[in-house]
Peer 1: 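Take this structure first; my questions come after.
Below, chain A is the first sequence line, B the second, and so on; all start at residue 1.
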Amino acid sequence: MKMKLNKLPVKTTNGFQINDVEVEFNIPTFKRNTDVLIEGDLSLIQVKKEKKKGDLTSKIGLTLSAYENIQIVVPKGVNIKEPIIITYSLQKEDANISQIEIVYEENSSCDFVITTKSMDNTSCFQHLKEMITSQKNASGHLCFINQMNSDSQSFYALENHLYQDSDIYHTVIDLGGKTRLYNVYSDLLEEQAKHHLNTIYIGKEDSLLDFNYYVNHIGIETESKMVVEGVLTDTSHKNFRGTIDFQKGCCKSTGEENENCILLSDTCRSRSLPQMLCGEEDVVGAHGVSSGKVEEAKLFYLMSHGYSEKEAEKLIVMGRFLGILDSVPSQQKEEILSVIEEKLS
Amino acid sequence: MAKTDVTKYMDSNTRNIYNLKANNQNLQKEYGLTEELIRKLSSEKEEPEWALAIRLKALKLFFELEDPDWGPDISYLDIRNIATYVKPVKGEVRKWEDVPEDIREVFDKLGIPEAEKQALAGSGAQFDSEIVYHNLTEDLKKQGVIYTSFDEGLKNYPELVKKYFTKAVPLTDHKYIALHYALFSGGSFVYIPKDAELDRPLQSYFRLNEPGAGQFEHTLIIVDEGAKLEFIEGCSAPGYNELNLHAGCVELFVEKNASLRFSTIENWSKNMLNLNTKKCYVSEGGKIEWIMGSFGSKVSMLYPLSVLNGEGARCEFTNISFAGSGQNLDTGLKIIHNAPRTSSLVNAKSISKDGGICTFRSNVWVKKQAKHSKLSLSCESLMLDSESRSDTVPVNTLETDDVIFAHEAKIGKISDQAIFYLMSRGMTEEEAKGLIVRGFAEPIAKAFPVEYAVEMNRLIDLELEGTIG
C-alpha cells in the first residue's frame, strides 16, 4: 500500500513536493518477538518491559497495533555515568513495533545508546517510537543507531517534552535500510529547556531517506540546535524538513539549524526545507544549508599527498562526520566508523 | 466632462498621496463572472477568436480549480462581489493632456508624467481595467521597439503575441491565474528587437481606483537576442472598506545574451488581495534581474518564477517586504536551473510590525542537466514587535552533484546594543530604531533606480511613522 507520511507541520504549496513523502510498504504482520537486549547498570533505574495490544501511533503518521513497550524511569537525583545500551536485533523478516518511554525525574541524568541491527539479509520492518519526558534540571544524551540492511524499512519517531533547565542531546546515526523515515518532535516547554539534535546519514543505492524535525519553542530562554551531515550516492533520495517554531512569549530563545549534504553521484537527489516560523520578536533564529560535491581544492590537496580520489573523498566525508561522532561513546564510535568506511568504499 | 473630486484619504496609517481618489462617474462597470461577460469583453476589445477561446477555457478552469490549501486565508473572496471590469469611457491616448482630467490629476500627483519627462524612454498608465495612456519616444519607435498596451498589442501584433502569450504562465497554473486569463484587460506589451539597448527604462503604472474592483492586467515582454531593457512597474490604490482584487500576470522572455531588469514597487491599499503571477524564461547567456518592494495590500501571494533554460543563464533576485497592521505578505520566488552553468543570487529581506505577517516562501530546483551551476540564497527578517510574525519557508532541490549551493537565513529583532550605541550618541530610542530599520533596507533600496529608491524610502518612513521613528 501507498501512504503519505511524515507531514510538514505547516503545509506549503504542493508544487514544492515537500509537504509529505509517499511511501510504499506492506503493513507487516507480527511474527515473533524481536530480540531486545538491555545492558548497563540497571540497579538505579526502573525498567519495565511489556507487550501491549493497543495502537502505537507516531507523528510519522503510522498507527500499528500490538507492540513491545519498554518503560524506563530515571529517578530523582540519580546520575548514571555509563550509558544504558538497548539493542534490537532483527532477523527472519521481523516486524519490530516498539516503544521506549524514558522519564527523567528532577535532577537526574543518564545516557542511552539504542541500536537496531539486521542480523541477516531478510527484509525487516521497524516502527520504533521513543518518548522522552525530561523534568526539571535533568539531562541525557540519547544516541540512536540504525544499522538495518539495505532491504529493510525503518520508521523512527522521537517525541520530547522538556521542562525547566532540562538538557537533552540527541544523536541519530543512520547507516542502513531501503526506506528510512525519521520524525523528531520536541516541545521546549519551560524556561531554559535545551535540545540539541545531531544527525549523520549515508544514502546508497536506491534508498529513500526522509527527515522531518520540528522544535517548538514555548518556554523563555529555550535553546535548540540541529546539525545534519550527510552523504548521498548512487540513486538515493533524501528529504530534510527542519522546522524551528518560536511561539509568542518564548523570548530570549535561540534556534539554529544547519544541513550539509555531500553529493557523490549525479543521479542522487537532495531536497531540503530548513523552515523557521517566528511569532516572537525577542529571539535569534538562523539556518544554513549547503550542498554539492566534495570541494575540489580539498580533493586536490589530499591527492597531491598520495591519496587516490576515492580515498580522498572518503577522508573528507569522514572528517565532516567526526564532529558529531565525537559525542558517541567510544565503543560504538569505533563500530560506526568501520561501518561508514565500508559503506563509502 | 467627468466631475473632478480629488481628496486626500486622511486615515492616520495611510495618509499619503497614494490615497488620492478620482471621483470618476463616467465608468462602464461590470460585476460577476459569466460567459456572457467574457464574450462581451472580448468583443468590445475586438480580439481574435483564439483569444476568446483562451478566455472561455480559463473561465471553466476557474470554477474547476480549488483555492490554495496553504498560505494566507483568502476564502472570504467572493468573485460575485468584485467589479471584474471597470472601464473609463474615454479610451487610450498618447498625450497626457488628453487623459480625462480627474484621472490625470491622480497621475500628476503620483509624479508619473514628470518621471516620463525626466527619466523614461516610455511610459504607460492603467486606470482600473484599461490603459488610459501609453507613449514611447520616437527614436525607439524607429529602432523597432514596441511598447504598447497589451490590448493594442493583441490587435496590432497578433502573431507575435500569440507566439508567447500563455507560454510562460499556463492557464492551469492555479485558480487565480485562470481568473486572470478569463478577464485579462490592460497591461503592457513590449518587444525589444535584437541588439537594441535602451539607455532609459520603460515604466508602466497601474492604478486601481474603484472600490470593490478587480484589476487583471497582462504584461508580456520579449527581449530579443542581445538586447537590454529595464522595465519599471508601479502599483497603487486608494484605501476603501471594500475588498479589491489584483490578479495580474507578467510573462517575460529573455532571449540569448539579452538582459532584463524588472523592478516593481507595489503599494496597493490595505484592502487589496494581491494574487499576482510572474514568470520569466531566460535563454543561453541571458539575465533576469528582479527587484521588488512589497509594501501594500491586505494579502499578497507572489512568487516570481525564473526558468534558466539556456547555458550560462543568470538570475538575480532582490526583494523587500514590509508588513504592518492587518497585512499578510506571503512572497518569495521560484527558480528552476534547467541548463549547465546557470547561476542565481537571491537577497530577500522582510520587516514586520504591528501584527503584520511576512512569509518568505521559495523553491529552488536544480535539474539534472544543470551541471556546474551556482546558487546563493540569503534571507533576513526583522521583527519590530511580538504582535507580528515572520516565517521562512525555503525549499531546495538538487538533482545533480556538480553544483555549488548555499542558503542562509536569519530572524531577529533590532539589537539592543546597536540602540544603546546610537542613543549614547544623542539619538532618542525611536530615532535609533528608525535609523537601524532604514539601514536594514538600504542594500535593497540601492538596487532600485534612484527615483524608486526615494519612493521606497518614503514608503518605509510612512510605515514607520507613529510606530518607531
Peer 1: How long is the span from the CD atom in B/Glu408 to the CG atom in A/Asn258, to the nearest 0.5 Å?
Peer 2: 10.0 Å

Peer 1: Sorted by first residue and then second, give each salt bridge (charged side-chain N to carboxylate O under 4.0 Å, His left out) pair with at least one member in residues 195-204 of chain A; sequence neighbours left out.
Peer 2: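 Matches after skipping sequence neighbours: none remain.
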
Peer 1: Counting only non-hydrogen atoms closer than 4.5 Å, does A/Thr267 touch chain B with its backbone (N, CA, C, O), its side chain (CB onward), both, or neither?
Peer 2: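 When you check distances to chain B, atoms from both the backbone and side chain of A/Thr267 fall under 4.5 Å.
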
Peer 1: Can you measure from NZ (B/Lys413) to SG (A/Cys278) and round to the nearest 0.5 angstrom?
Peer 2: 12.0 Å

Peer 1: Any donor and acceptor pair, going by atom type alone, linking the side chain of A/Lys293 with main-chain N or O of B/Val403 inside 3.5 Å?
Peer 2: no

Peer 1: Chain B heavy atoms under 4.5 Å from A/Ile18: which part of the residue, side chain, backbone, both or neither?
Peer 2: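 For A/Ile18, side-chain heavy atoms alone lie under 4.5 Å from chain B.
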
Peer 1: First locate atom CE of A/Met276, then atom CD1 of B/Ile411, and finally report the distance between them rounded to the nearest 0.5 Å.
Peer 2: 4.0 Å

Peer 1: Could you give the distance from CG (B/Asp69) to OG1 (A/Thr12), rounded to the nearest 0.5 Å?
Peer 2: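 Nearest 0.5 Å value for the CG-OG1 distance: 10.0 Å.
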
Peer 1: Would you say A/Glu22 has more than 12 foreign heavy atoms packed within less than 6.0 Å of its CD?
Peer 2: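 Atom CD in A/Glu22 is packed in, count exceeds 12.
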
Peer 1: For atom NZ of A/Lys298, is the number of surrounding heavy atoms from other residues, nucleotides or ligands below 6.0 Å larger than 12?
Peer 2: no

Peer 1: Between A/Lys248 and chain B, with a heavy-atom cut-off of 4.5 Å, which part of the residue counts as in contact: side chain, backbone, both or neither?
Peer 2: side chain

Peer 1: When you look at NZ of A/Lys7, are more than 12 heavy atoms from neighbouring residues, nucleotides or ligands closer to it than 6.0 Å?
Peer 2: no

Peer 1: Please indicate whether B/Gln417 has more than 12 foreign heavy atoms, meaning atoms of other residues, nucleotides or ligands, lying under 6.0 Å from its CD.
Peer 2: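 Open.
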
Peer 1: So what's closer than 4.5 Å to chain B heavy atoms on A/Glu256: side chain, backbone, both or neither?
Peer 2: neither

Peer 1: Nearest 0.5 angstrom please: A/Arg269 CZ to B/Trp365 CH2, how far?
Peer 2: 7.0 Å

Peer 1: Hey, what do you get for SG (B/Cys379) to NE2 (A/His287), rounding to the nearest 0.5 Å?
Peer 2: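 With rounding to 0.5 Å, SG (B/Cys379) is 5.0 Å from NE2 (A/His287).
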
Peer 1: Sort B/Ser378 into side chain, backbone, both or neither according to what part of it lies under 4.5 angstrom from a heavy atom of chain A.
Peer 2: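 No part of it gets close to chain A.
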
Peer 1: Specify the closest pair of heavy atoms between A/Glu281 and B/Leu384, including all atoms of both residues, with the distance to one decimal.
Peer 2: OE2-O, 3.6 Å

Peer 1: Report, as yes or no, whether the 6.0 Å neighbourhood of atom NZ on A/Lys225 holds more than 12 heavy atoms from other residues, nucleotides or ligands.
Peer 2: no

Peer 1: Using heavy-atom distances under 4.5 Å, tell me whether B/Lys410 contacts chain A through its side chain, its backbone, both, or neither.
Peer 2: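 Its backbone and side chain both get close to chain A.
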
Peer 1: Determine the option with the most heavy-atom pairs under 4.5 angstrom with chain B, choosing from A/Gly288, A/Ser291, A/Gly292.
Peer 2: A/Ser291

Peer 1: Look at A/Cys251, A/Gly279, A/Gly15 and state which one has the largest set of heavy-atom pairs under 4.5 Å with chain B.
Peer 2: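 Going by pairs under 4.5 Å, I would pick A/Gly279.
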
Peer 1: Locate the shortest heavy-atom distance separating A/Phe16 from B/Lys334; write the atom from each residue and the value.
Peer 2: CE1-CD, 3.9 Å

Peer 1: With a 4.5 Å heavy-atom cut-off (strictly below), which parts of residues 389-400 of chain B touch chain A? List them by number.
Peer 2: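 From residues 389-400 of chain B, the residues near chain A are B/Arg389, B/Ser390, B/Asp391, B/Thr392, B/Val393, B/Pro394, B/Val395, B/Asn396, B/Thr397, B/Leu398, B/Glu399, B/Thr400.
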
Peer 1: So which of B/Asp401, B/Asp402, B/Thr359, B/Val364 has the biggest tally of heavy-atom pairs under 4.5 Å with chain A?
Peer 2: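 The residue among B/Asp401, B/Asp402, B/Thr359, B/Val364 with the greatest pair count is B/Asp401.
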
Peer 1: Quick check: are there more than 12 heavy atoms from other residues, nucleotides or ligands sitting under 6.0 Å from NZ of A/Lys310?
Peer 2: no

Peer 1: Contact part of A/Leu264 toward chain B, heavy-atom cut-off under 4.5 Å: side chain, backbone, both or neither?
Peer 2: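 Contact with chain B: backbone only.
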
Peer 1: Would you indicate whether A/Tyr307, at its atom OH, is surrounded by more than 12 heavy atoms from other residues, nucleotides or ligands within a distance under 6.0 Å?
Peer 2: no

Peer 1: Report the option among A/Gly255, A/Gly249, A/Pro274 that has the most heavy-atom pairs separated by less than 4.5 Å from atoms of chain B.
Peer 2: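 Maximum pair count with chain B is reached by A/Pro274.
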
Peer 1: Give, as side chain, backbone, both or neither, the part of A/Asn260 having an atom under 4.5 angstrom from any heavy atom of chain B.
Peer 2: neither

